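Report on one structure; see the data block that follows.
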There are 2 protein chains.
Amino acid sequence: MADDIRLWLRMLTATTMIEAELRRRLRAGFNTTLPRFDLLAALDRAPDGLTMAEVSARMMVTNGNVTGLAARLEAEGLIARRPDPQDRRAVRLRLTAAGKRAFAAQSAAHAQWVREIFSGLADGERAALHRLLGRTKDALRGTIQEEAA
Amino acid sequence: MADDIRLWLRMLTATTMIEAELRRRLRAGFNTTLPRFDLLAALDRAPDGLTMAEVSARMMVTNGNVTGLAARLEAEGLIARRPDPQDRRAVRLRLTAAGKRAFAAQSAAHAQWVREIFSGLADGERAALHRLLGRTKDALRGTIQEEAA
DNA sequence: TTGACATGCTTGAAGCTTAAAACATCTCCT
DNA sequence: AGGAGATGTTTTAAGCTTCAAGCATGTCAA
């Protein structure tokens with residue numbers, strides 16, 4: 001089906017539009033960025049902190065990327081870096097108290113923005129979209145995994 | 001619904017995974033990038049070329065972004081920049097012969113990749129996803145337009 | 001135990017991206 | 001015609017991102 005291209009472009013456009021809106025609001029409301037927010041979110045879900053490699057896997061970005069991001073967030077006092085007790089190669093990141101406060105505020109606003117953005121869809125539509133995106137991710141595993149092998 | 005966050009995260013993840021795969025293949029197969037490909041694609045659809053502003057609107061990026069991208073593509077000989085005959089402020093971009101050839105090859109491969117990526121979904125699923133993403137984009141107009149006003 | 005390979009992280013170069021400032025040109029109202 | 005405001009482009013600074021190279025540490029099998 002040649003329509004696959006149109007499906008993909010529509011998916012990319014919709015996602016890009018929403019992402020751009022969230023970036024705008026994070027900047028306007030909290031003077032921060034989506035990557036910073038995502039890193040704080042990853043740490044917020046991990047009570048014992050995460051190593052750099054764990055963070056980069058969760059964020060789907062390279063290790064080098066996390067190095068710079070973590071350096072900036074540490075400079076802002078939102079996260080702390082400490083050597084991993086189990087593995088002397090690893091650095092473990094965790095939220096500081098200030099980081100927890102900042103993320104709590106950002107996260108609440110973010111959740112509200114997302115609700116607002118999807119409020120134009122009926123419950124059934126949201127559920128169907130959620131299911132189809134899940135199917136898409138599952139189907140992806142076939143196509144993408146093969147490279148790594 | 002608090003599930004909206006999960007819907008959004010799933011949408012973002014699925015899109016990011018596909019985008020990453022396409023980037024990988026563009027790099028491996030053609031030593032190029034998605035933004036370059038997108039710019040060529042925009043010009044390919046416009047027989048008389050496009051101004052920088054038109055390109056930046058279609059690509060949903062800032063003007064300054066297009067300035068740099070166009071400079072690199074011009075240096076590679078894939079596009080030409082010439083003053084717009086109607087508006088002396090404007091610069092009009094168009095594909096060179098080499099650019100047309102390069103894009104034709106990239107575009108064919110890209111279309112095949114996208115087909116492959118979505119091949120795990122049934123026809124009905126693809127159609128439903130396409131429709132729901134359209135609904136999402138429509139719903140967005142309400143939420144996002146209001147800022148601009 | 002020791003060497004080969006894997007894993008964790010950082011660095012540097014290059015490119016992508018934005019926001020904001022600056023400047024040129026255009027439009028349109030009076 | 002003049003001038004106010006809109007539009008088109010570039011530049012700069014800062015941040016995001018990748019890839020590849022390099023170094024430190026870990027693992028595991030011979």
Side-chain angles (χ1 to χ4, degrees), chain A residues 12 16-17 19-40 49-76 78-79 81-93 147-148, chain B residues 12 16-17 19-28 30-40 42 49-76 78-79 81-93 147-148:
Chain A
L12 183 57
T16 302
M17 287 173 72
E19 206 178 340
E21 180 66 16
L22 293 175
R23 283 179 198 276
R24 249 191 302 277
R25 296 192 186 195
L26 277 174
R27 172 170 303 278
F30 298 98
N31 192 32
T32 189
T33 66
L34 202 44
R36 279 169 159 88
F37 175 77
D38 287 344
L39 178 29
L40 297 184
L50 295 172
T51 66
M52 307 278 288
E54 288 168 339
V55 169
S56 75
R58 278 165 180 67
M59 293 181 69
M60 298 195 289
V61 298
T62 60
N63 280 355
N65 192 338
V66 176
T67 297
L69 224 35
R72 284 183 287 271
L73 285 169
E74 187 186 29
E76 293 172 14
L78 301 182
I79 70 173
R81 299 162 41 102
R82 53 174 52 181
D84 184 291
Q86 264 75 55
D87 187 336
R88 277 183 302 163
R89 296 168 303 178
V91 178
R92 192 158 277 273
L93 306 181
E147 331 291 298
Chain B
L12 184 56
T16 301
M17 288 173 71
E19 205 178 341
E21 180 66 16
L22 293 175
R23 283 179 197 277
R24 248 190 304 278
R25 296 192 186 195
L26 278 174
R27 172 170 304 278
F30 298 99
N31 192 32
T32 190
T33 66
L34 202 45
R36 279 168 159 88
F37 174 76
D38 287 344
L39 178 29
L40 296 184
L50 294 172
T51 64
M52 307 277 288
E54 288 168 338
V55 170
S56 74
R58 278 165 180 68
M59 293 180 70
M60 298 195 288
V61 298
T62 59
N63 280 355
N65 193 337
V66 176
T67 296
L69 224 35
R72 283 183 287 272
L73 285 169
E74 187 187 28
E76 293 173 12
L78 301 183
I79 69 173
R81 299 163 39 104
R82 52 173 52 183
D84 185 291
Q86 262 77 56
D87 186 337
R88 277 182 302 163
R89 294 168 303 179
V91 177
R92 193 158 275 272
L93 307 181
E147 331 291 297

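In this text the structure is predicted, and so the values were computed from the model without any measurement. Reminder, nothing fancy here: chain letters follow the sequence lines and each chain counts from 1.
Using a 4.5 Å heavy-atom cutoff, the side chains of B/Arg23 and B/Thr33 are not in contact. Between B/Arg36 and B/Leu73, some side-chain heavy-atom pair lies under the 4.5 Å cut-off.
Counting atom types as modelled, B/Arg88 pairs no side-chain N or O with a base atom of C/dT25 as donor and acceptor under 3.5 Å.
Look at CD on A/Gln86: it is 15 Å from C1' on C/dG8, rounded to the nearest Å. Straight-line distance from the CZ atom of A/Arg24 to the C1' atom of C/dT18: 12 Å, rounded to whole Å. Protein atom CG of A/Asn65 is 12 Å distant from nucleotide atom C1' of C/dC16, rounded to whole Å. Summarising the geometry, the separation between CG on B/Leu39 and C1' on C/dT17 is reported as 14 Å, rounded to the nearest angstrom.
Listed nucleotides: C/dC16, C/dA19, C/dT25. Nearest to the side chain of B/Thr62: C/dA19. Comparing C/dA19, C/dC26, C/dT10 by their nearest atom to the side chain of A/Met52 picks out C/dT10.
Here A/Leu69 lies in heavy-atom contact (under 4.0 Å) with sugar-phosphate atoms only. Residue B/Asp84 is out of contact with every strand shown, counting any heavy-atom pair closer than 4.0 Å. No engagement by B/Arg92 is indicated, since no non-hydrogen atom pair under 4.0 Å with the nucleic acid exists.
Across the interface with DNA chain D, nearest-nucleotide mapping of A/Val66 and B/Glu54 shows B/Glu54 to be the residue nearer the 5′ end. Summary of the strand contacts: A/Arg89 and B/Met60 both lie near DNA chain C, and taking for each the nucleotide with the nearest heavy atom, the more 5' one is attributed to A/Arg89.
In this structure, CD on B/Glu19 lies 10.0 Å from CE on A/Met60, to the nearest 0.5 angstrom.
Using a cut-off of 4.0 Å between Lys/Arg side-chain N and Asp/Glu carboxylate O, A/Glu76 and A/Arg72 are scored as not salt-bridged. Remark: A/Glu54 does not engage A/Arg58 in a salt bridge, criterion side-chain N to carboxylate O under 4.0 Å. Taking 4.0 Å as the cut-off between side-chain N and carboxylate O, A/Arg25 and A/Glu21 count as a salt-bridged pair.
Read 5' to 3', the first and last nucleotides of DNA chain D with an atom closer than 4.0 Å to a heavy atom of chain A are D/dG15 to D/dG26.
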